[in-house]
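Below: one structure, written as structure tokens.
Chain naming here is simple, since letters A, B, ... match the order of the sequence lines and numbering starts at 1 in each. Atoms considered below: every heavy atom in the structure, side chains included; atoms not considered: hydrogens, waters and symmetry mates.
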Amino acid sequence: MLRPLAGPTALGAAASDASSAQATFCGYCGAPPADELPRVSRICGRCEMGLLLHADARLAPGAGDAFVVVDERLLVRALSRGAEDLLGTSEPVAVHRPVSELVGGVTADGAPDAPLGRLLAEAAAGELVLAETLVRVGADPHRRRRVLLGPCGPPPAALLVFAAV
Amino acid sequence: MKTSEAAEALSVSPTTLRAWEARHGFPLPARTLGHHRIYDRSEILALRRALEQGLSIASAIEKVRANLGIDDTQLVAELRAFQGEGADAAMEAALSVRPLDRCVEEVLLPSLRTVAERAGRRGAAWAFAAAWARDWLRRQTRLSPAASRTPGLVLLDATVDELDPDRPALFALELHLARAGVPVRVLPVAASVGVADALGTAGPLGAVVVAGDGAEEVAVDRWLAAAHPALGQAALLAFRASRRGAALPEAPWEAHRAALVHLSRRTPGARAFGSAR
């Protein structure tokens with residue numbers, strides 16, 4: 001089910017590669033930074049409800065997209081507004097919970113697929129550039145969505161972006 | 001720090017600060033007598049540092065809470081694991097760096113809200129947490145100094161049952177009032193028989209606070225009618241209730257402050273209870 005889109009290359013090491021240009025987005029609304037002076041606290045100038053993060057431009061979400069940011073312990077560290085709607089929870093409730101409570105790797109026929117946790121851990125460690133896989137949404141294995149995942153930060157973390165339906 | 005100063009330190013608008021307070025319960029300002037928000041400078045500066053290193057507002061706030069000893073993660077974990085002693089220890093840890101009133105508002109009540117959201121109102125974890133919170137809060141109330149003020153106040157428990165999410169807030173309000181020296185009696189709305197006689201021997205009464213929105217309106221009416229002979233000049237107030245009566249703020253600490261203002265106005269010759277309905 002898993003389809004790596006790039007080799008296990010650290011994002012920093014691949015920065016000179018044109019295909020891995022960086023993009024900046026808000027960790028809550030998903031929008032790019034507002035056109036203004038950078039804030040000392042990295043707070044999004046548009047919604048003021050998220051922090052500005054960087055990721056591979058092929059992975060970085062857009063405004064309104066559903067995505068989750070996960071740390072190396074596989075705990076949720078940020079949840080976008082779109083993901084709140086998709087997953088039926090709120091960021092303050094979801095943060096610090098295991099991401100496995102929100103999503104899990106599945107095969108096309110709904111069977112559990114264990115590598116999701118490993119992929120997220122590798123992405124959080126910067127050892128995976130980009131991958132694509134299927135996840136269950138919530139506890140229902142039949143509610144599946146395609147996701148892209150890879151590193152983001154700072155600080156280093158994994159970004160899991162739900163593909164649009 | 002004033003709201004404008006705190007907002008400037010964090011590079012956000014005052015509206016956003018209030019939005020964070022509503023969404024995350026942090027930063028939670030104190031209030032001046034004029035009800036203006038006053039923020040703890042150390043909390044704001046700690047939050048600023050955490051935001052510079054964080055992945056989200058929520059995770060930065062969580063880090064600050066942990067560093068300031070207002071880590072509700074531990075309490076939530078203990079309650080979800082049915083560990084009463086562990087929950088006691090979590091509150092003890094919080095009390096070591098924060099006064100009791102702030103521990104209740106910033107640690108206990110947010111933790112209970114989280115447990116209720118995750119477990120659901122009929123969830124076993126919430127049932128355990130609600131019972132533990134009732135015991136913990138009432139234990140603190142019993143340890144409060146003896147009542148030193150008059151008049152007293154009745155908290156009319158109009159919650160549905162032990163699992164009503166408003167119930168811990170009711171006991172938190174009782175605790176804050178008791179610590180302010182107010183004689184407080186919590187009475188269930190279902191117990192109306194003989195209530196006037198009981199209140200008649202309990203000293204001057206300044207207010208009845210209908211707490212919770214779970215009881216039927218007719219039950220509240222029945223209680224108020226039964227108690228009416230003993231209510232005199234008492235004010236009718238509403239806490240987390242949509243019924244008649246002056247509405248108190250939702251946060252127990254703010255509600256207790258507002259109730260104290262009402263009690264201070266209960267002077268001889270003030271409007272009779274019946275006319276306040």
| message | Among V76(A), L51(A), V95(A), which residue satisfies the side chain to side chain contact (heavy atoms under 4.5 Å, CB included) criterion with S59(B)? | response |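 Passing option: V95(A).
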| query | Relative to chain B, which segment of V93(A) carries a heavy atom at a distance below 4.5 Å: side chain, backbone, both, or neither? | reply |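 The answer is both parts of V93(A).
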| field | Per-residue contact mode, P154(A) against chain B (heavy atom under 4.5 angstrom) | value |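 The backbone, not the side chain.
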| query | Which region of R118(B), side chain (C-beta onward) or backbone (N, CA, C, O), has a non-hydrogen atom less than 4.5 Å from a non-hydrogen atom of chain A, or is it both or neither? | reply |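 Answer is side chain: those atoms of R118(B) sit under 4.5 Å from chain A.
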| field | Q53(B), part contacting chain A, at a heavy-atom distance under 4.5 Å | value |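 Just its backbone gets close to chain A.
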Between atom [atom1] of [X] and atom [atom2] of [Y], what is the distance when rounded to the nearest 0.5 Å?
X: E48(A); Y: T16(B); atom1: CD; atom2: OG1; value: 3.5 Å
X: L51(B); Y: I43(A); atom1: CG; atom2: CD1; value: 5.0 Å
X: I57(B); Y: C44(A); atom1: CD1; atom2: SG; value: 9.0 Å
X: H96(A); Y: K63(B); atom1: NE2; atom2: NZ; value: 13.0 Å

| message | Counting only heavy atoms not in R97(A) (residues, nucleotides, ligands), do more than 12 fall under 6.0 Å from its CZ? | response |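 Count over threshold, so yes.
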| Hey, is CD on E101(A) packed in by over 12 heavy atoms from elsewhere, all under 6.0 Å? |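 Enclosed.
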| query | Can you tell which of C47(A), G50(A), P155(A), A78(A) has the highest number of heavy-atom pairs within less than 4.5 Å of chain B? | reply |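 Counting heavy-atom pairs under 4.5 Å, the top option is P155(A).
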| query | Below 4.0 angstrom, N of the basic side chain to O of the carboxylate: do R23(B) and E84(A) qualify? | reply |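 Yes.
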| task | For the residue pair V69(A) and S56(B), establish whether any side-chain heavy-atom pair is separated by less than 4.5 Å. | result |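 Of all side-chain heavy-atom pairs linking S56(B) with V69(A), none is under 4.5 Å.
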